Amino acid sequence: MAEQTSGQTNMEKLVSLCQRRGFIFPSSEIYGGLSSCWDYGPLGVELKQNVKQAWWRAIVRERDDMVGLDASILMHPKVWEASGHLEGFSDPLVECKSCHLRWRTDELKDNSCPSCGGEVTEPHLFNLMFKTFMGPIEEEANVVYLRPETAQGIFVNFQNVLNTTRKRLPFGIAQMGKAFRNEITTGNFIFRSREFEQMEIEYFVKPGTAEEWFDYWLEERRNWYVNLGIKKENLRLRPHTEEELAHYARKCSDIDFLFPMGWAELEGIANRGDFDLVQHAKYSGKSLSYLDEETNEHIVPYIIEPSAGVDRSVLAFLCDAYAEEPDKEEIRVLLHLHPDLAPIKVAVLPLSKRENLVQFAKEIYADLRACWMVQYDDTQSIGRRYRRQDEIGTPFCVTIDFQSLEDNQVTIRERDSMNQIRLPIAELKETLAAKLAGEELFVLPPGGQIWKEGGNESQN
Ligand code: ATP
């Protein structure tokens, strides 16, 4: 089987599949698109929600040392003074004097434009924050910024969360939400865009324990990707060098993924020390300390920050899931998405459009829909319908044939192996739930059997 690894997944093919099947469209496409902004279509929005839900479940719901937050995108402008974003969140930028393209200085090989070879201007600093105005008057006093990261919303709520939840160290606050950066160079599909979503954890610890929590979160976060189907060999940890470290970080390591264009950051994990709480205490004049009950002393906790991108995660999951397999005369394109991430969990496919069969199938569809995202499809040959579901990563198809009307049995067909089992409808929901949770297909429910006759996947 000539399966592609993510490193070989062709970005063009993936982008084309995403557009063709309704995962991701260019923003405002009918107007020619808006540079580096993307819209998630009917399947993309499900996939993205599933990624976020998987993160929330692992980080907030299943842990008792973590709580959630949803802070506003617009924040007091002082926040960005305290955080250092107003002064430091900028890239040195040059402009080509002939074609006027702009480049980050780290993108230049020599002192000429990488596109046309023209002479470039002296570098100047370009702040990456989007600026807008609060209220009807557009003047400097009313300037606010679209947040370039979700983290600051957590720091400024530290005391609120502490007072209302009575959490003790170590504990974390998690938040998912939109962030905006006026990136100079974008591209590689949803890898780097100007509007994107982050999933961030700020984990507050006693200062002396920061190193061990840093290592803990590195491992924890790597495992999260692996448990959801990312191949271990496509992930690597890349510690930052001293020169690379951001102004707030004592230590930082990226979790890199082997994207089609090469290794690149999927998530960053930083030991931020006490920088953020100290800065916000200084700029707000409010105490942001913690009373250590053991020593009866006020301390400023250290922060470990695992900061992930939703869109980059979606891209990584898609890259790793994409495969092309020889299938008789043709190529079967499929997404091996983990069942938790698959946009559609089950497809209900009646073998014919005959009224009695359709009615029967629709009852099953209505029943399953109460539990999962389920799709009903009765157009074209069964082979084509299987291929359509494979291509969007649907883990299971339920096929209903004329015999089903007599014996109340249906078949379940598995995406990856294309194997099938037949089982009583009374067992269907429970069996699907077990299979979606990872049970082997051939673990049969009462009255179930391995199915061969129904295995016709011809394209005709
Ligand atoms: P890069 O070096 O790729 O610009 P960064 O180090 O600036 O990323 P962080 O500030 O650490 O990124 O943000 C945390 C995470 O947010 C990143 O690991 C990435 O997944 C996501 N992210 C950051 N910038 C973008 C962007 N422009 N588009 C999509 N996702 C982004």
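This chain uses plain numbering: 1 for the first residue, then up along the sequence. All figures in this text were calculated on a predicted structure; none of them were measured in a lab. Just follow the structure's listing: the first ligand is 1, and inside any ligand the first atom is 1.
Residues forming a side-chain hydrogen bond (donor to acceptor under 3.5 Å, both in side chains) with S289 (at least two apart in sequence, or on another chain): S287, H298.
Residue F196 places no N or O, backbone or side chain, under 3.5 Å from any N or O of ligand 1. Where the criterion is an N or O separation shorter than 3.5 Å, residue side chain and backbone included, G309 meets it with respect to ligand 1.
If you look at D254 next to ligand 1, there are no close heavy atoms at all, none under 4.0 Å. By the criterion of a heavy-atom distance under 4.0 Å, the side chain of E183, and not its backbone, is placed next to ligand 1.
Using a 4.0 Å cut-off to heavy atoms of L266, the atoms of ligand 1 that qualify are 18 (O), 20 (O). Near E267, with a cut-off below 4.0 Å to any heavy atom, the atoms of ligand 1 are 18 (O). Listed by number with element, the atoms of ligand 1 under 4.0 angstrom from any heavy atom of S307 are 13 (O), 14 (C), 15 (C), 18 (O). For ligand 1, the atoms sitting less than 4.0 Å from at least one non-hydrogen atom of S193 are 26 (C), 27 (N), 28 (N), 29 (C), numbered in the order shown with element in parentheses.
Between F191 and F259, the ring planes lie perpendicular to each other; the angle is over 60°, past the 30° to 60° tilted range. Between F275 and Y248, the two ring planes are tilted [angle within 30° to 60°]. In this pair, F180 and F130 present their aromatic rings perpendicular. The plane angle is above 60°, beyond the 30 to 60° band.
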Listing, residues 68-78 side-chain donor-acceptor contacts under 3.5 Å, not counting sequence neighbours, or none:
residue : atom : partner : partner atom : Å
S72     : OG   : L74     : O            : 2.8
H76     : ND1  : K78     : N            : 3.0

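Evaluated for a ring pair (Phe, Tyr, Trp, His ring centres under 6.0 Å) with F204, the options W213, Y290, F171 yield exactly one hit, F171.
The side-chain tip of K131 does not point at the ring of Y145 from less than 6.0 angstrom away and within 45° of straight on.
Around atom 12 (O) of ligand 1, the closest heavy atom drawn from R312, E149, Q198, R181 belongs to R181.
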